[in-house]
Asker: 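One structure is given below, represented as structure tokens, and several questions about it will come after.
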There are 2 protein chains.
Amino acid sequence: MSSGELEVLNKMGRRVTVHRGQTLMWEGDDSSLVANVIEGVLKLSTSTADGREQIVGVVYPSDFIGRPFGSTTHHSVTALSDARVCLFTRSAFDEFAREHPELEHKLLQRTLTELDRARHWMLLLGRKSASERVATFLLEMSQRLAEASCSGPADMVSRFDLPLTRQQMADLLGLTIETVSRQLTRLRQAGIIDLPDRRAVVILDQAAMEDAAGLA
Amino acid sequence: MSSGELEVLNKMGRRVTVHRGQTLMWEGDDSSLVANVIEGVLKLSTSTADGREQIVGVVYPSDFIGRPFGSTTHHSVTALSDARVCLFTRSAFDEFAREHPELEHKLLQRTLTELDRARHWMLLLGRKSASERVATFLLEMSQRLAEASCSGPADMVSRFDLPLTRQQMADLLGLTIETVSRQLTRLRQAGIIDLPDRRAVVILDQAAMEDAAGLA
DNA sequence: CGACACGTTGATGTTAGTCAACTTTGGTGG
DNA sequence: CCACCAAAGTTGACTAACATCAACGTGTCG
């Protein structure tokens with residue numbers, strides 16, 4: 001896209017700050033807004049009628065949120081950290097996108113990647129044990145944070161801070177908070193990871209970790 | 001798209017018949033083909049290194065399969081029934097799509113819908129009990145078959161044939177074959193469904209079914 | 001300092017998985 | 001046509017894994 005077009009798109013958007021814990025969109029709402037993440041981390045989640053929650057996605061800077069070309073939002077969007085997003089009304093965004101195939105193409109590629117990611121997560125939820133889930137999660141987190149921080153060709157970071165509480169990890173992994181805690185303890189006691197404080201994780205043994213994740 | 005363009009697209013594609021059980025694409029393969037389903041039902045699946053399988057999607061006529069604009073296929077595609085598909089080489093399809101924004105738009109919409117569907121399934125895999133999973137599956141199947149058969153405004157069919165074996169249902173629901181069988185028996189004994197033969201299902205009590213699915 | 005949210009650990013319960021026997025179905029060839 | 005066989009499905013007994021319930025740290029912020 002030309003820089004002129006990008007400028008127009010930028011003007012259409014409204015920069016908004018969202019505080020940790022604040023919900024930007026609600027499951028089942030009319031889909032009247034879409035947005036781009038500028039800074040921070042947010043979760044996408046759905047719940048059963050009786051309140052059990054499942055996190056269905058975690059979005060990082062440059063990721064897209066909301067449901068263009070559709071009338072309802074199928075999951076809630078909540079900030080996991082303080083975040084800044086660029087908000088568009090759906091109608092304006094849809095119209096702009098229809099006129100700019102380049103943008104639609106970008107969006108299509110991202111959506112295809114997200115779909116692959118979601119389907120891959122289904123394998124974890126449907127078929128992996130609690131310990132495999134926790135190990136897989138930590139590995140993936142280290143990879144995504146490495147990608148985000150562009151820390152050169154080394155595609156892993158061995159120390160990082162979790163943007164999630166134990167409860168949120170449980171909601172993402174389809175487990176309970178106690179099970180997550182116990183599995184983390186097990187990995188620590190096995191000398192595979194270290195947990196310097198409650199947000200930090202250090203991966204000490206990459207190979208053992210991949211093994212524990214069921215990538216045997 | 002104009003009928004002329006559609007004709008070109010159609011000529012690009014090669015009609016292929018796939019027999020039940022035959023695999024069209026393998027997880028991890030180079031993504032060199034994409035296709036449109038003309039007739040039949042196919043599954044998308046991934047497996048862990050040690051062979052546990054998870055079905056991550058079921059596709060019906062008019063659905064799209066394969067990974068355009070990406071180099072590897074992230075899941076296998078296998079025919080659940082004899083099927084006919086319209087096959088394209090990925091390079092030819094990608095090129096054609098880039099030149100036809102209308103096609104890309106259509107594809108984007110479908111992909112967004114698939115993503116919503118996949119994320120909704122994550123709630124089932126992460127948070128629902130075995131009986132809720134089976135009930136949810138049967139309800140969704142009846143809805144999708146109703147949509148497909150365009151049986152008027154009534155958006156449910158109460159009797160239908162499953163395109164899946166018990167093992168495949170288990171792989172889709174993240175359960176074992178025995179658990180699926182037991183839950184079906186439970187629903188039958190409760191008078192909520194009938195199972196005239198091993199492929200057929202009759203939903204006798206829609207409300208009880210929705211209740212059992214956790215849509216309380 | 002104290003309150004509260006977050007996290008860990010232990011004891012116990014429940015659900016679904018495992019292992020095994022058995023039944024039904026559908027297809028094949030004598 | 002029927003006997004036989006393999007594949008699919010069901011059922012039961014037992015087990016393992018995770019959830020639940022409950023008590024007990026720990027760090028943070030007023």
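A note on names: the letters A, B, ... follow the listed sequences, proteins ahead of strands, and every chain is numbered from 1. Just so we're clear, the structure is a prediction, and the values are computed from it rather than from any experiment.
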Asker: Between protein and nucleotides 12-17 of chain C, what N or O pairs are separated by less than 3.5 Å?
Answerer:
from: C:dA16; atom 1: OP1; to: B:Ala130; atom 2: N; distance (Å): 2.6
from: C:dG17; atom 1: OP2; to: B:Thr176; atom 2: N; distance (Å): 3.3
from: C:dG17; atom 1: OP2; to: B:Thr176; atom 2: OG1; distance (Å): 3.1
from: C:dG17; atom 1: OP2; to: B:Thr179; atom 2: OG1; distance (Å): 2.6

Asker: Has B:Arg199 got more than 12 heavy atoms of other residues, nucleotides or ligands less than 6.0 Å from its CZ?
Answerer: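 Count over threshold, so yes.
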
Asker: Can B:Gln22 and B:Thr78 be said to form a side chain to side chain contact (heavy atoms under 4.5 Å, CB included), step by step?
Answerer: CA-CA 6 Å; B:Gln22 202 178 331; B:Thr78 308; over 6 Å; no

Asker: Can you check the A:Asp171 CG to C:dG7 P distance for me, whole Å?
Answerer: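 Between P of C:dG7 and CG of A:Asp171: 12 Å.
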
Asker: Using five base pairs at each end, measure the axis-to-axis angle across the helix from C:dC1-D:dG30 to C:dG30-D:dC1 and round it to 10 degrees.
Answerer: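 Nearest ten degrees gives 30° for this helix.
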
Asker: Send over the distance from A:Arg188 CZ to C:dG7 P, rounded to a whole Å.
Answerer: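 Going from CZ in A:Arg188 over to P in C:dG7 covers 14 Å.
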
Asker: Please confirm whether the backbone N or O of A:Leu87 pairs with a side-chain atom of A:Arg14, one donor and one acceptor, at under 3.5 Å?
Answerer: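 Here the side-chain-to-backbone pair does not exist.
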
Asker: Could you tell me the separation between the CG atom of A:Leu164 and the C1' atom of C:dG7, rounded to a whole number of Å?
Answerer: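 Interatomic distance, CG of A:Leu164 to C1' of C:dG7: 15 Å.
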
Asker: Rounded to the Å, how far apart are A:Arg133 CZ and D:dA19 P?
Answerer: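 My rounded result for the distance is 8 Å.
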
Asker: Atom CD of A:Gln189 and atom C1' of C:dG10: how far apart are they, to the nearest Å?
Answerer: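 Going from CD in A:Gln189 over to C1' in C:dG10 covers 13 Å.
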
Asker: Measure CZ/B:Arg166 against P/D:dT11 and give the value in whole Å, please.
Answerer: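 So the two atoms are 10 Å apart, to the nearest Å.
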
Asker: Check this for me: does the side-chain of A:Gln168 come within 3.5 Å of the base of C:dC6 through a donor and an acceptor?
Answerer: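 No, the side chain and the base share no sub-3.5 Å donor-acceptor pair.
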
Asker: Any pair with a residue in residues 167-209 of chain A that passes ring-ring contact (aromatic ring centres under 6.0 Å, His included), sequence neighbours left out, goes on the list, sorted by first then second residue, please.
Answerer: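 Pairs touching residues 167-209 of chain A that pass the test: none.
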
Asker: Looking at B:Arg159, I'd like to know if its CZ atom is crowded, meaning that more than 12 non-hydrogen atoms belonging to other residues, nucleotides or ligands lie closer than 6.0 Å.
Answerer: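 Count over threshold, so yes.
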
Asker: Who are the side-chain contact (heavy atoms from CB on, under 4.5 Å) partners of A:Arg84, not counting sequence neighbours?
Answerer: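 side-chain contact (heavy atoms from CB on, under 4.5 Å) list for A:Arg84, sorted by chain: A:Arg15, A:Thr17, A:Ile38, A:Glu39.
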
Asker: If you measure from the Lys or Arg side-chain nitrogens to the Asp or Glu carboxylate oxygens, is any gap between B:Asp116 and B:Arg110 under 4.0 Å?
Answerer: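 Salt bridge: no.
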
Asker: What pairs of nitrogen or oxygen atoms, one from the protein and one from nucleotides 23-29 of chain D, lie under 3.5 Å apart?
Answerer:
none

Asker: Checking A:Arg186 against A:Ser181: is there a side-chain donor and acceptor pair closer than 3.5 Å?
Answerer: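 A:Ser181 vs A:Arg186: no donor-acceptor pair found between side chains.
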
Asker: Do the charged groups of B:Arg119 and B:Glu114 touch, with an N to O distance under 4.0 Å?
Answerer: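 Not counted as a salt bridge, because no side-chain N and carboxylate O are separated by less than 4.0 Å.
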
Asker: Within this structure, what is the CD-to-P distance between A:Glu178 and D:dA17, rounded to whole angstrom?
Answerer: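 It works out to 18 Å between those atoms.
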
Asker: Which residue pairs pass the ring-ring contact (aromatic ring centres under 6.0 Å, His included) test with at least one member in residues 17-67 of chain A, sequence neighbours excluded?
Answerer: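 Counting only pairs at least two positions apart or across chains, the ring-ring contact (aromatic ring centres under 6.0 Å, His included) contacts touching residues 17-67 of chain A are A:Phe64-A:Phe93.
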
Asker: Do NZ/NE/NH1/NH2 and the carboxylate oxygens of B:Arg52 and A:Glu132 come within less than 4.0 Å?
Answerer: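 Salt bridge present between B:Arg52 and A:Glu132.
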
Asker: Round to a whole Å and report the spacing from CG of B:Asp197 to P of D:dG9.
Answerer: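 So the CG-P distance, B:Asp197 to D:dG9, works out to 11 Å.
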
Asker: Using a cut-off of strictly less than 4.0 Å, decide whether A:Thr165 has a side-chain nitrogen or oxygen near OP1 or OP2 of C:dA5.
Answerer: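 So the side chain of A:Thr165 is outside the cut-off, no N or O lying under 4.0 Å from OP1 or OP2 of C:dA5.
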
